[in-house]
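Atom set for the values below is all heavy atoms of this structure, side chains included, hydrogens, waters and symmetry mates excluded. In each ligand, atom 1 is the first atom listed, and ligand 1 is the first ligand listed. Counting from 1, the numbers follow the sequence of the chain as shown.
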Amino acid sequence: NRDIEAQQQVKGDFSAATLNYDSEECPWSRSMRTAMRETFKIKDYRLCQRAVCNANLDGRDIVCVMPTGGGKSLTYQLPAFCGTGVTVVISPLISLISDQIMHLNELNVLAAKMTGSTSASEIKQIKTRLTNLIENNVDRHLALLYVTPEKISKSKDFRSLLQRLADNRKLDRIVVDEAHCVSQMGHDFRPDYRELHLLRKLCPSVPIMALTATCPPKVRDDLVKVLGLKPFCKDNELDGTLYFTAPLYRPNLHYSVLPKSPQSKKATDTVVNWILKHHRYDCGIVYCTSRKQTEELARDLQAAGIRTGFYHADKKDGEKEHLHEQWHRGEIQVVCATIAFGMGIDKRDVRFVIHHSISKSLDGYYQESGRAGRDGKDADCVIFYRPQDAWTLAGMLMGGEEKMFPMLNFVQDVVECRKLQFAHYFSHSAELALSAWGDDAMDPCGHCDNCMRNDSEKEGRDVSLEAWQLVKLMKKVCVSKSRYTAQQISDLARKGKVAPKKNAPAETVDMDRVCGGLVKMDAEQLEFLLVWMWTKGYASVKYQQTAYTTTAYICAGPMAFQLSELRKEEVSGSGRTMVTLPKPSKEKKTPKGKGKSKEIVVSDDEDDMFEDDDEVEAEYLN
Ligand code: ADP
Ligand code: MG
């Protein structure tokens, strides 16, 4: 009988047979399918789950990149359940571990955790179990043991336990979840993950599996190096590390970028109103940049009658756990959080993920927004964007253009389908075969904001003259010692003068002499254009640090000469620089009556843009 055979040789001599792991021809296939249905209550494999499970049971090193919510957990939990030893899972957050344990216990799969908060008696119990396992003294073996990376880096005791398990062939595999945290090139580096290089040294014969949702090639190569995985498998070798990826496109997620007011009160009101209008009774996450902002927004939402909590790194562990529980039980509907919240959280009915400000990278944004709609039902992913946030973020990160630009291109692009933007980005950066997205990989999604826009809104505008004027202006002010923020450059360009500080005398620039007149453009659009010019190298950023904040100043960039060396007549109307600018927002105050022109230098409203700078968010900068 095949099934009995499978039990006996679950880690057997299958390798030699075939490398086609995506099949049901493996010795353990039938028992694995049964376990999937009966124990895990899952009807069928999806994405690359089957192949990954098979490769796991065949003892391979694996890198598996699957979208958030794709079902990465099953790819090691099912093999763990089918095997005879223990699978050790390294996972970055206690909340995430608790979630998994809860879920596994419900399914009656034996799983335990060892984290900083596990009591001594629990640890003793687990150790006894494992010792019994080593001595073949069990009827039901502990299938999964979850630990935080600190256990590996800090506990000698635990390391020697691992070694003993491995020496006795009772350690089936080691799984590193959220493995991109290993790499400093990634968007979420965690120092304790670095120490995971110890694993391969401690137990060289135990296969290692790395799991993540985002993995550009640099990160992938880095994690192979750090974890000491075998070189990637070539030509169906029987030995190297196997690399699995799954389609990244999630058709139930509806992406859009919405305009955000320069005033913070209005900006929060927009978020509150959007939730009231579109998801009054649904579950959602609002990502904020600062801790202060999470608390303020939560208060506003609460005042609007929405049950809201907030979450950030300053909260005590107990408070965090409490919030998680309330959220899971549906007692809290919306969580306002910094990016410290949500990694790997398995809440399936999140109907919207709002970004109150842009993420620091497109990988990060993909990951964060991907926490919506894990149940496969429709969900909204919305970013509220204003150009000044680009400079605020630049000041916070002090560089990192390489990661920021794809994010900025995403929010500034009001033409291309969001799905295709992700596809281009990931196919380029993760060398993902687009065929993995299916035959319609390059078809627009048809339901994102850009797909819904009509053609007239997508028309490019010839801003050659304005770009040329700005370049001239930036060159001029870069030469003089003055330093100007984007907003001040915008004021100078449109009005010829600016007050560097509140109540300070205005500085002026003779715009006629510098660039043949004032730049005729709406303030919002001009700031948008400046961000565009930054991403294209026409502008660059210099940083100045004070005790509390870093300010980003705008200068001419390395490509500026391409415009500045031309004469005005050569650029004006030349179609050299075509950009699709967003429509000016409707709420914009239009001058009424007799066209009384106000002499605004720096109004309170505009000064508002600096208010969020006072607090640099540690989680954000990690
Ligand atoms: P992630 O890839 O983000 O780690 P999870 O492993 O947490 O995703 O899985 C997300 C959800 O999808 C879980 O609720 C899980 O039970 C469910 N799931 C996983 N695999 C399948 C499948 N083959 N069919 C249906 N649901 C699945
Ligand atoms: Mg996960």
Side-chain angles (χ1 to χ4, degrees), residues 22 24 29 32-54 56 62-82 87 89-109 111 113 143-144 146-149 175-182 186 188 190 193 209-215 244-253 283 285 324 327-328 341-350 353 363-364 366-377 379 381 436:
D22 194 16
E24 307 256 338
S29 286
M32 193 165 81
R33 185 167 272 281
T34 310
M36 175 178 74
R37 291 215 169 126
E38 288 174 7
T39 303
F40 287 86
K41 318 279 184 226
I42 280 176
K43 288 203 198 77
D44 209 348
Y45 302 102
R46 71 184 180 204
L47 302 174
C48 53
Q49 278 176 335
R50 177 168 53 198
V52 181
C53 286
N54 284 333
N56 253 331
I62 293 170
V63 174
C64 173
V65 183
M66 249 193 191
T68 311
K72 288 186 283 297
S73 317
L74 189 77
T75 64
Y76 63 83
Q77 288 172 348
L78 188 52
F81 181 79
C82 295
T87 293
V89 185
I90 294 145
S91 178
L93 296 174
I94 297 178
S95 57
L96 194 157
I97 293 177
S98 305
D99 265 11
Q100 296 278 350
I101 302 274
M102 213 163 64
H103 181 62
L104 289 165
N105 287 343
E106 275 167 17
L107 299 176
N108 217 3
V109 176
K113 62 178 173 177
L144 293 135
Y146 283 82
V147 300
T148 46
V175 177
V176 182
D177 202 3
E178 311 289 351
H180 57 276
C181 297
V182 163
D188 204 9
R190 279 158 197 253
Y193 262 74
M209 173 191 210
L211 288 170
T212 175
T214 46
C215 202
F244 292 96
T245 61
L248 290 146
Y249 172 51
R250 310 232 335 251
N252 61 318
L253 300 188
C283 228
I285 305 172
H324 266 127
W327 200 55
H328 267 273
F341 179 75
M343 188 198 271
I345 294 294
D346 182 19
K347 184 162 174 59
R348 295 172 53 76
D349 60 346
V350 177
V353 171
D363 295 280
Y366 175 75
Q367 184 112 324
E368 288 144 31
S369 58
R371 286 168 194 145
R374 284 180 173 210
D375 53 7
K377 295 184 189 147
C381 303

message: Between Arg33 and Asp44, does any NZ, NE, NH1 or NH2 come within less than 4.0 Å of an OD or OE carboxylate oxygen?
response: yes
- prompt: Salt-bridged, Arg50 to Glu24, with N to O below 4.0 Å?
  reply: yes
query: Which of the atoms in ligand 1, numbered in the order shown and given with their element, are less than 4.0 Å from a heavy-atom of Arg374?
result: 3 (O), 7 (O)
message: Suppose I only count heavy atoms of Ser73 and a 4.0 Å limit; which atoms of ligand 1 are within that range?
response: 4 (O), 5 (P), 6 (O), 7 (O)
message: Has Arg250 got a side-chain atom pairing as donor or acceptor with Gly370's backbone, closer than 3.5 angstrom?
response: yes
- line: Checking heavy-atom distances from atom 1 (P) of ligand 1 to each of Lys72, Gln49, Lys43, the winner is Lys72
- line: The answer for which part of Asp44 has a heavy atom under 4.0 Å from ligand 1 is backbone
- request: Please confirm whether Met66 comes under 4.0 Å of ligand 1, counting heavy atoms of the residue only.
  value: no
- prompt: Hey, what do you get for CD (Gln100) to OG (Ser91), rounding to the nearest 0.5 Å?
  reply: 7.0 Å
message: Students often mix this up, so state it plainly: with edges at 30° and 60°, are the rings of Phe40 and Phe81 parallel, tilted or perpendicular?
response: perpendicular
Ligand 1 N/O within reach of Arg348 N/O, cut-off under 3.5 Å: yes
message: With nothing but distance in play, are any N or O atoms of Leu74 less than 3.5 Å from an N or O of ligand 1?
response: no
- prompt: So which heavy atom on Phe341 is nearest to which on His324, and how close?
  reply: CE1-NE2, 3.4 Å
